[in-house]
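Comments concern the structure below.
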Amino acid sequence: MSVTKPALDAPTGPWLEPGPLPGDFYACQELLSGEERTKVERVREFARAEIAPIVNDYWARAEFPFEIIDRFRELGPLAWADPRSTEEPPSNLLTGFTAMEIAHADASIATFFAVHSGLAMGSIRKLGSEEQRLRWLPPMSRFEQIGAFALTEPSGGSDVSRGMETTARRQGGTWILDGAKRWIGNATFADLVIVWARDVETGHVLGFVVEKDMPGFHATKIQRKMALRIVQNADILLDKCCVPEANRLQNANSFRDTAEVLRATRAGVAWEATGLMLAAYEIALAYAKEREQFGRPIATFQMMQDLLVRMLGNVTASLTLCCRLAQLQDAGVYRDEQSSLAKAMCTERMRETVGWARELLAGNGIVLDYNIGRFVADAEAIYSYEGTREINTLIVGRAVTGLSAFAR
């Protein structure tokens, strides 16, 4: 296969430089306060200076850049999550823009951050006791302890709420966990893993904070992935894993409590998808203005402008949808189906947008130097995790019709 020599010096370009977002066509960032915009700009500079330049190499090797954890620690985006902190918690709008900016640089690092801050820390914040929050959240907020979230099982994804096979059996002050989990991000190196298991006595789904050195806990890296290759997903085996009662999340008493955590993080995936397509659009725009064919920039060709406008339309629709959802979250009035609609729609638009960006870059779109090939692959995982499009569609469909179409 012959690939034309690129007109740009990869991997440099405007997508690596701090600054405003050309794809924010409706100036959604203006919805942030001045202080919030300053925080977003810090995250943007961090993501483009610290993350974007290194990820292609790690993605190619399917390895995790552990040095980035130290950089997150210096940035301090989770300092507010320490229960003893006097810093105000961020608005959902600020949290969303933060997720979007990290995903703009790399979807895998955005996933690492979301699993740690949203799923793992979110479970402890929402469902842990005061003692548990004081025990685990301070070191997690400083990235001194990294978290993971173990819900999906080898034979259960969308139906895991009904078909969870991992069990918890109480023996005095100890719980014995048996079962297996799959696709657990961060789990190969996480210090704390939130494990969900069904109480054999009551049938209720309970949450446990399993520490990596506990007997009976085994995590094995999943190999040969085509998407999110930097994320260290693991198969987890729980073989008579002994967990003290003190590590059971005291306010997690049913899958309804688990779903409360997922409702918030599902909205975060919509922001990640928006960040990915925003970056793809901006790369394609810069490329189109500099790449010449037939003696002029390809941005002067009608079909190229059509692709750019389609991409921009998807980005704009997704970003405005996410912003409105964040406003509803901040007002405390948003519903499950609103998170589901955002996740389903934004990830579908993301898939289209990164595909169009690949089309515009032609042969250069499949090499890592321009990032688009990585985006196309990573988009497939984001499209599926935190609830497939089909499951989220059924959630929204039930809300608008009043009738459930879920399989029984």
Side-chain angles (χ1 to χ4, degrees), residues 81 83 115-116 118-141 144-222 232-263 265:
V115 169
H116 172 68
L119 290 170
M121 293 181 68
S123 296
I124 295 170
R125 279 199 317 273
K126 292 176 180 291
L127 304 174
S129 66
E130 182 66 19
E131 185 277 330
Q132 290 173 329
R133 289 192 290 269
L134 288 169
R135 176 182 171 188
W136 287 308
L137 291 180
M140 294 179 81
S141 70
E144 293 168 359
Q145 290 187 325
I146 301 301
F149 182 90
L151 176 62
T152 303
E153 298 183 343
S155 59
S158 298
D159 66 344
V160 73
S161 63
R162 296 181 181 179
M164 185 176 294
E165 296 178 357
T166 302
T167 60
R169 178 168 43 88
R170 186 162 185 174
Q171 291 185 351
T174 301
W175 290 86
I176 310 300
L177 305 187
D178 286 289
K181 299 292 183 179
R182 184 163 172 81
W183 297 116
I184 311 307
N186 301 354
T188 61
F189 60 90
D191 302 283
L192 308 169
V193 181
I194 310 299
V195 174
W196 301 92
R198 192 176 301 280
D199 184 346
V200 296
E201 183 175 339
T202 66
H204 294 165
V205 173
L206 306 178
F208 300 86
V209 180
V210 178
E211 299 172 54
K212 64 180 179 181
D213 295 327
M214 286 181 169
F217 174 85
H218 309 280
T220 305
K221 179 179 175 178
I222 296 174
Q232 302 299 290
N233 292 100
D235 283 313
I236 291 178
L237 175 64
L238 300 157
D239 183 14
K240 298 180 175 59
C241 181
C242 298
V243 182
E245 164 66 11
N247 282 39
R248 180 180 65 82
L249 291 175
Q250 296 299 300
N251 297 311
N253 300 307
S254 71
F255 191 81
R256 190 178 298 273
D257 297 318
T258 317
E260 183 65 22
V261 177
L262 296 174
R263 179 167 66 135
T265 55

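The first residue of the sequence shown is numbered 1, and numbering continues consecutively from there.
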Exercise for the section: To the nearest 0.5 Å, tell me how far Cys242 SG sits from Met214 CE. Expected result: 9.5 Å
Completion exercise
Distance col, row Asn247:CG vs Trp175:CH2, nearest 0.5 angstrom, shows 12.5 Å
Exercise for the section: Please answer whether the main-chain N or O of Gly147 pairs with a side-chain N or O of Asn186 as donor and acceptor at a distance below 3.5 Å. Expected result: yes
Exercise for the section: Quick one: closest heavy-atom pair of Ala148 and Gly185, and the distance? Expected result: CB-O, 3.3 Å
Fill in the blank from the handout: Rounded to the nearest 0.5 Å, the OG1 atom of Thr152 sits from the CZ atom of Phe149 at a distance of 8.5 Å
Practice task
Would you confirm whether Gln132, through its side chain, and Leu127, through its main-chain N or O, come within 3.5 Å as a donor-acceptor pair?
Solution key: no
Practice task
Might you work through the salt bridge (Lys or Arg N to Asp or Glu O under 4.0 Å) test for Arg170 and Glu245, ending with a clear yes or no?
Solution key: CA-CA 9 Å; Arg170 186 162 185 174; Glu245 164 66 11; 3.7 Å; yes
Completion exercise
By side-chain contact (heavy atoms from CB on, under 4.5 Å), Arg133 pairs with (sequence neighbours left out) Pro83, Ile124, Glu130, Leu137
Problem - Heavy-atom donor-acceptor pair, Glu153 side chain to Thr166 backbone, under 3.5 Å - result: yes
Problem - Donor-acceptor pair, side chain of Lys221 and main chain of Ala234, under 3.5 angstrom - result: no
Handout entry: CD on Glu165 to NZ on Lys181, rounded to 0.5 Å
Key = 9.5 Å
Problem - Reported OG1-to-CG distance for the pair Thr188 and Asp235, which is rounded to 0.5 angstrom - result: 11.5 Å
Practice task
Kindly say whether Ser254 contributes a backbone atom to a donor-acceptor pair with the side chain of His204 at under 3.5 angstrom?
Solution key: no
Exercise for the section: State, to 0.1 Å, how close Ala252 and Trp196 come at their nearest heavy-atom pair, and which atoms those are. Expected result: CB-CZ3, 3.9 Å
Problem - Residue pair Leu192 / Met140, side-chain heavy-atom distance below 4.5 Å - result: yes
Exercise for the section: Show your working on salt bridge (Lys or Arg N to Asp or Glu O under 4.0 Å) between Glu211 and Arg135 and close with a plain yes or no. Expected result: CA-CA 13 Å; Glu211 299 172 54; Arg135 176 182 171 188; 3.1 Å; yes
Handout entry: Partner of Arg169 under side chain to side chain contact (heavy atoms under 4.5 Å, CB included), chosen from Val200, Leu177, Thr174
Key = Val200
Exercise for the section: Side-chain contact test, heavy atoms from C-beta onward, threshold under 4.5 Å: evaluate it for Glu260 versus Ser123 and give yes or no. Expected result: no
Exercise for the section: Taking the side chain as every heavy atom from C-beta outward, state whether Cys241 and Ile176 have any pair of such atoms under 4.5 Å apart. Expected result: no
Practice task
Mind running side chain to side chain contact (heavy atoms under 4.5 Å, CB included) on Phe217 and Leu238 for me, showing each step along the way?
Solution key: CA-CA 5 Å; Phe217 174 85; Leu238 300 157; 3.8 Å; yes
Problem - With sequence neighbours excluded, residues passing side chain to side chain donor-acceptor pair (under 3.5 Å) with Thr265 - result: Glu386
Practice task
Taking the side chain as every heavy atom from C-beta outward, state whether Asn251 and Asp257 have any pair of such atoms under 4.5 Å apart.
Solution key: no
Exercise for the section: Give the C-alpha distance, both sets of side-chain angles, the deciding distance and a yes or no for side-chain hydrogen bond (donor to acceptor under 3.5 Å, both in side chains) between Gln145 and Trp136. Expected result: CA-CA 8 Å; Gln145 290 187 325; Trp136 287 308; 5.0 Å; no
Problem - Check: Asp178 side chain, Asp239 main-chain N or O, donor-acceptor pair, under 3.5 Å - result: no
Handout entry: Non-hydrogen side-chain atoms of Leu262 and Leu119 separated by less than 4.5 Å
Key = yes
Practice task
Could you pull out all residues at least two apart from Thr202 that satisfy side chain to side chain donor-acceptor pair (under 3.5 Å)?
Solution key: Asp199
Practice task
To the nearest 0.5 Å, tell me how far Arg182 CZ sits from Ile236 CD1.
Solution key: 12.0 Å
Completion exercise
Per side chain to side chain contact (heavy atoms under 4.5 Å, CB included), Ile194 is matched among Val261, Val210, Ile184, Val209 by Val209
Practice task
Please check if the side chain of Arg248 supplies one atom and the backbone of Phe208 the other of a donor-acceptor pair under 3.5 Å.
Solution key: no
